[in-house]
Enquirer: 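Encoded as structure tokens, here's the structure I'll be asking about.
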Amino acid sequence: MKHSRLSLLICMLAILYTGLIYYPKWEKQGTEATISWDVSGYYMYLPALFIYKDAKKCSFQHSIIQKYCPTPDFQQAFQHASGNYVMKYSSGQAILMMPFFLTGHLFGKISSYPADGFSYPYQLAIGLGMLVYAFIGLWYLRKILLTYFSDSVTAITIAAIVLASNYFNYAAIDGAMTHNTLFTIYCVLLYTTIRFTQQPSFLKAIAIGSLCGLAALIRPTEVITVLIAVLWGIQNFKELKERLVANWRYYTLMAFAFCVVISIQPLYWKWATGEWIVYSYQDQGFNFLKPHLWKGIFDFRSGWLIYSPIFILVIPGFYYLYQQQKKIFPVVLLFSVLFIYICFSWDQWWYGGSLGARAMIQCYPVLAFALAAFVQNITEKKEWVKIGFAAFSSLCMYYNFWLTHQAHKGGLYKAGEMTGAYWKAVLFKQEANRKWDYLLDNNELYKMYPQNVTTVYTNNFETDTSALVTEIDSVNGKKLLLSKPDQYSTEFKFALKKPQQKWIRASADFTSVQKEWETWRMVQFCIRLYKNGKMVKHNYLRVHRLLNDNETKNIFIDMKAGNIDFDEARIYFWNPASDKPLIVDNLQVVTFDY
């Protein structure tokens, strides 16, 4: 068996084992199910149109949210000015899901499960279908790499992308996200484009235009796939002009196929709202003048190279690609740079609950050429260089498996919340330590026992007349009660000049009636320092992270303040949206030395 086939087989088996045995999402409930969060938004077209026949009003939403809870509330669509609902996400992913949705619907009708679009048959069918798409993509990835590189280089490159990057998670577990299917579309597009440049045909032209249109219909920014279709193998403007002139009929047909596919979305908008163009992301958007390039690539919150460090190798890989494959170097470089720029120009550059920069995954088939060029160069080096590369790749694979485990079963990876201090504390650990959770919000955690402690403020709320202070009962007296209707407590202010001590610690006793699991809803314990009425520093901690049901715990927040000039401190509590009551008592602020 060829090395590349063996590598492909191993990667497919790893994905299959992880998806079917280790963590089958279709067996999960609520927001951990296959059809949940963003996936439920991509998917919502299908049950709305084919089961409930109510895509304009979505009156079925309440029963689905109550029964299956794919999201805490109805986030899959928004109410347009016309009064009708509009799906948040474009329809391309739903089109790819349709064959598996129909399979699940048929199973639902002949089984004891409800045929409502969200029961087990649908979850299973969508989950398995996305594994099929992953395997198709990898099959074509091997074929395109073999066009330019040796069998052994192709084998190593495939293994590196699948086993050492976040693609593994989005193929094996979170495959119903768009990145898995887009990865496959890119692979098929590249393969078809390569064959088209070798021997043009009308059928290939239609396929290329349709693939570019489908990619853009899944995520509008994927419209840049047209660069691959037009520029592949082109080194200068003269070659581009000659190709377009010689093959104008093919490119006209390609453009027509693209427009036919992409027109599905404006036709849906016109039908739903009477308008041809609707911006469905509302308050989210791009800022192309201030892209988040550094954060998107290197930030611990969700930085691309922090969580898929194997792709550091594409940086020198582009140099080797120029040396080895000059014809494809310009389009690979241009496309990669433009893709990264667009990707991290999005306001929410961390892309929500993401394992690393998930929005980069569909670019991996293009980056694979630079990675393969690097591998090709390594195979020609001395033995110690090869050993170093093997060691680095193996470490990246172990790191990737550790991340994947911690993102789902282990719990140490906190999607969208990671910080540098927390990452360093948990790296390669297997068991959780509750103290590490402090570092997710505030990296100024003093880890030793405080020395020379001075109390500067106390409040047991017994004489406090603040709006949220209430008497719990005759025995326990007054406490601060935080609940959903009241977002902000009173600010508890006290004069505090720059102390001799280096640290400030605010603490309180918190009682949780019921744990809040949604991070964005958690109550925040906040401390601010002011100078002449102007805030100079702010630290906070989400206290629900550290509490379980019916638990009382003293929780503190630290602030390093020795080098800050301030004259006042303020403590307050903010409840963004939690409906889980939280009781606070015995607020205290101290300063202390190292």
Enquirer: When you measure from the side chain of Ser308 to the backbone N and O of Ser165, does any donor-acceptor pair fall under 3.5 Å?
Expert: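 No; judged by distance alone, with no hydrogens or angles, the pair does not exist.
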Enquirer: Do Tyr120 and Glu27 have side-chain N/O donor and acceptor atoms under 3.5 Å apart?
Expert: yes
Enquirer: Does the separation of the ring centres of Tyr457 and Phe492 fall below 6.0 angstrom?
Expert: no
Enquirer: Does this structure show an ion pair linking Asp558 with Arg505, if we count only N-O contacts that are shorter than 4.0 Å?
Expert: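 Yes, charged N to carboxylate O under 4.0 Å.
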Enquirer: To the nearest 0.5 Å, tell me how far Ile583 CD1 sits from Leu480 CG.
Expert: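 That separation rounds to 10.0 Å.
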Enquirer: Say whether, by atom type as modelled, one donor and one acceptor occur between the side chain of Lys560 and the main chain of Tyr446 under 3.5 angstrom.
Expert: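 A pair under 3.5 Å: no.
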Enquirer: Return yes if some donor-acceptor pair links the side-chain N/O of Trp402 with the main-chain N/O of Lys429 below 3.5 Å, else return no.
Expert: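 Answer holds: yes.
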Enquirer: Find the distance between CE (Met44) and CD1 (Ile35) and round it off to the nearest 0.5 Å.
Expert: 9.0 Å
Enquirer: Among Asp38, Asp174, Asn169, Thr178, which one satisfies side-chain contact (heavy atoms from CB on, under 4.5 Å) with Arg358?
Expert: Asp38
Enquirer: Tell me if the OH atom of Tyr279 is crowded by more than 12 foreign heavy atoms within 6.0 Å.
Expert: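 Enclosed: over 12 neighbouring heavy atoms sit under 6.0 Å from OH of Tyr279.
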Enquirer: Check whether any side-chain heavy atom of Tyr85 lies under 4.5 Å from a side-chain heavy atom of His80, and answer yes or no.
Expert: no
Enquirer: With a 3.5 Å distance limit and no angle check, can you tell me whether Lys553 reaches the backbone of Leu546 through a side-chain donor-acceptor pair?
Expert: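 Yes, because the side chain of Lys553 sits within donor-acceptor range (under 3.5 Å) of the backbone of Leu546.
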Enquirer: Determine whether a donor-acceptor pair (N or O, by modelled atom type, separation under 3.5 Å) exists between the side chain of Glu275 and the backbone of Trp269.
Expert: no
Enquirer: To the nearest 0.5 Å, how far apart are CD1 in Ile65 and OG1 in Thr71?
Expert: 3.5 Å
Enquirer: How many angstroms lie between CD in Gln362 and CD in Glu222, if you round to the nearest 0.5 Å?
Expert: 4.5 Å
Enquirer: Would you say NZ of Lys534 has more than 12 non-hydrogen atoms from neighbouring residues, nucleotides or ligands within 6.0 angstrom?
Expert: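 Count not over threshold, so no.
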Enquirer: Throw together a table of side-chain donor-acceptor distances under 3.5 angstrom for residues 283-298, partners on residues two or more places apart or in other chains.
Expert:
unit_1 : atom_1 : unit_2 : atom_2 : d
Asn287 : OD1    : Leu289 : N      : 3.3
Asn287 : OD1    : Lys290 : N      : 3.2

Enquirer: List the atom of Ser507, the atom of Phe556, and the distance in Å for their closest heavy-atom pair.
Expert: CB-CB, 3.8 Å
Enquirer: Classify the ring geometry of Tyr307 against Tyr399: parallel below 30°, tilted from 30° to 60°, perpendicular beyond 60°.
Expert: parallel
Enquirer: Please check: side-chain N/O of Asn84 versus main-chain N/O of Ala272, any donor-acceptor pairing under 3.5 Å?
Expert: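 The answer is yes, because a donor-acceptor pair under 3.5 Å joins these two groups.
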Enquirer: Of all the heavy-atom pairs spanning Ile557 and Ile527, show the shortest one and how long it is.
Expert: CD1-CG2, 4.0 Å
Enquirer: Report the relative orientation of the aromatic rings in Tyr43 and Phe101; use parallel for angles under 30°, tilted for 30 to 60°, perpendicular for over 60°.
Expert: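 Rings of Tyr43 and Phe101: perpendicular, as their planes differ by over 60°.
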Enquirer: Could I get the full list of salt bridge (charged side-chain N to carboxylate O under 4.0 Å, His left out) partners for Lys580, not counting sequence neighbours?
Expert: Glu516
Enquirer: Quiz question: by atom type and distance under 3.5 Å, do the side chains of Ser512 and Glu551 form a donor-acceptor pair?
Expert: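 No, no side-chain donor-acceptor pair sits under 3.5 Å.
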Enquirer: Answer whether the closest heavy-atom distance between the side chains of Ser489 and Ser466 falls below 4.5 Å.
Expert: no
Enquirer: For the atom pair OH (Tyr364) and OH (Tyr170), what is the distance rounded to the nearest 0.5 Å?
Expert: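 One finds 9.5 Å between OH of Tyr364 and OH of Tyr170.
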Enquirer: Can Phe461 and Leu587 be said to form a side-chain contact (heavy atoms from CB on, under 4.5 Å), step by step?
Expert: CA-CA 8 Å; Phe461 304 113; Leu587 176 62; 4.1 Å; yes
Enquirer: Who pairs with Phe78 by ring-ring contact (aromatic ring centres under 6.0 Å, His included), at least two apart in sequence or on another chain?
Expert: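 Partners of Phe78 by the ring-ring contact (aromatic ring centres under 6.0 Å, His included) criterion come out as none, since no residue qualifies.
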Enquirer: Whether the side chain of Arg301 engages the backbone of Gly416 through a donor-acceptor N/O pair (distance < 3.5 Å, no angle test) should be reported.
Expert: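 Yes; judged by distance alone, with no hydrogens or angles, the pair exists.
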Enquirer: Which atom names give the shortest non-hydrogen contact between Met522 and Pro576, and what distance separates them?
Expert: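 Heavy atoms of Met522 and Pro576 come nearest at O-CD, 3.1 Å.
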Enquirer: Show your reasoning for whether side-chain contact (heavy atoms from CB on, under 4.5 Å) applies to Leu403 and Leu355.
Expert: CA-CA 8 Å; Leu403 281 171; Leu355 177 52; 4.2 Å; yes
Enquirer: When you look at CD of Gln282, are more than 12 heavy atoms from neighbouring residues, nucleotides or ligands closer to it than 6.0 Å?
Expert: yes
Enquirer: Looking at Gln430, I'd like to know if its CD atom is crowded, meaning that more than 12 non-hydrogen atoms belonging to other residues, nucleotides or ligands lie closer than 6.0 Å.
Expert: yes
Enquirer: Using a 4.5 Å cut-off on heavy atoms from C-beta on, say whether the side chain of Tyr422 contacts that of Phe300.
Expert: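 Sidechains of Tyr422 and Phe300: no contact.
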Enquirer: Could you check whether Arg570 pairs with Glu491 (Lys NZ or Arg NE/NH1/NH2 to Asp/Glu carboxylate O, under 4.0 Å)?
Expert: yes
Enquirer: Please work out whether the ring planes of Tyr52 and Phe60 are parallel, tilted or perpendicular, with thresholds of 30° and 60°.
Expert: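 Tyr52 vs Phe60 ring planes: parallel.
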Enquirer: Are any non-hydrogen side-chain atoms of Tyr122 and His105 less than 4.5 angstrom apart?
Expert: yes
Enquirer: Determine whether a donor-acceptor pair (N or O, by modelled atom type, separation under 3.5 Å) exists between the side chain of Ser36 and the backbone of Ala33.
Expert: yes
Enquirer: Please collect all salt bridge (charged side-chain N to carboxylate O under 4.0 Å, His left out) contacts where either partner lies in residues 454-468, sequence neighbours excluded, each pair once.
Expert: none
Enquirer: How many angstroms lie between atom CG of Leu481 and atom CG of Asp585, to the nearest 0.5 angstrom?
Expert: 12.0 Å
Enquirer: Check Ile310 against Cys396 and note the closest heavy-atom contact, atom names and distance.
Expert: N-SG, 3.8 Å
Enquirer: For Gln93 and Arg219, what are the C-alpha separation, side-chain angles and deciding distance, and is it a side-chain contact (heavy atoms from CB on, under 4.5 Å)?
Expert: CA-CA 9 Å; Gln93 187 76 346; Arg219 289 171 71 94; over 6 Å; no
Enquirer: Met87 and Ser280: side-chain contact (heavy atoms from CB on, under 4.5 Å), yes or no, with the steps?
Expert: CA-CA 7 Å; Met87 301 301 172; Ser280 57; over 6 Å; no
Enquirer: Where does the angle between the aromatic ring planes of Tyr22 and His405 fall among parallel (under 30°), tilted (30 to 60°) and perpendicular (over 60°)?
Expert: tilted
Enquirer: Is there a side-chain contact between Asp567 and Asn532 in this structure, where contact means two heavy atoms from C-beta onward sitting under 4.5 Å apart?
Expert: yes
Enquirer: Under the salt bridge (charged side-chain N to carboxylate O under 4.0 Å, His left out) rule, what pairs show up with a residue in residues 67-78, not counting sequence neighbours?
Expert: Lys67-Asp116
Enquirer: Is the Tyr23 ring parallel, tilted or perpendicular to the His408 ring (thresholds 30°, 60°)?
Expert: tilted
Enquirer: Closer than 3.5 angstrom, by distance alone: can the side chain of Ser90 be matched with the main-chain N or O of Ile218 as a donor-acceptor pair?
Expert: yes
Enquirer: May I ask you to test the Trp503-Glu444 pair for a side-chain heavy-atom distance under 4.5 Å?
Expert: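 Touching, per the 4.5 Å side-chain cut-off.
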Enquirer: Hey, are the side chains of Tyr540 and Phe525 touching, using non-hydrogen atoms and a 4.5 Å cut-off?
Expert: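 Not touching, per the 4.5 Å side-chain cut-off.
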Enquirer: So does Tyr438 get a backbone contact from the side chain of Arg545, meaning a donor-acceptor N/O pair under 3.5 Å?
Expert: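 The answer is no, because no donor-acceptor pair under 3.5 Å joins these two groups.
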Enquirer: Between Asp509 and Asn554, do the side chains contain a donor N or O and an acceptor N or O under 3.5 Å apart?
Expert: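 Indeed, the side chains of Asn554 and Asp509 share at least one donor-acceptor pair under 3.5 Å.
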Enquirer: Of all residues at least two apart in sequence or in a different chain, which pass the ring-ring contact (aromatic ring centres under 6.0 Å, His included) check with Trp574?
Expert: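 Per chain and number, Trp574 pairs via ring-ring contact (aromatic ring centres under 6.0 Å, His included) with Tyr488.
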Enquirer: Specify the closest pair of heavy atoms between Arg521 and Asn575, including all atoms of both residues, with the distance to one decimal.
Expert: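 Taking every non-hydrogen atom into account, O-OD1, 3.6 Å.
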Enquirer: Check whether any side-chain heavy atom of Tyr268 lies under 4.5 Å from a side-chain heavy atom of Tyr45, and answer yes or no.
Expert: yes
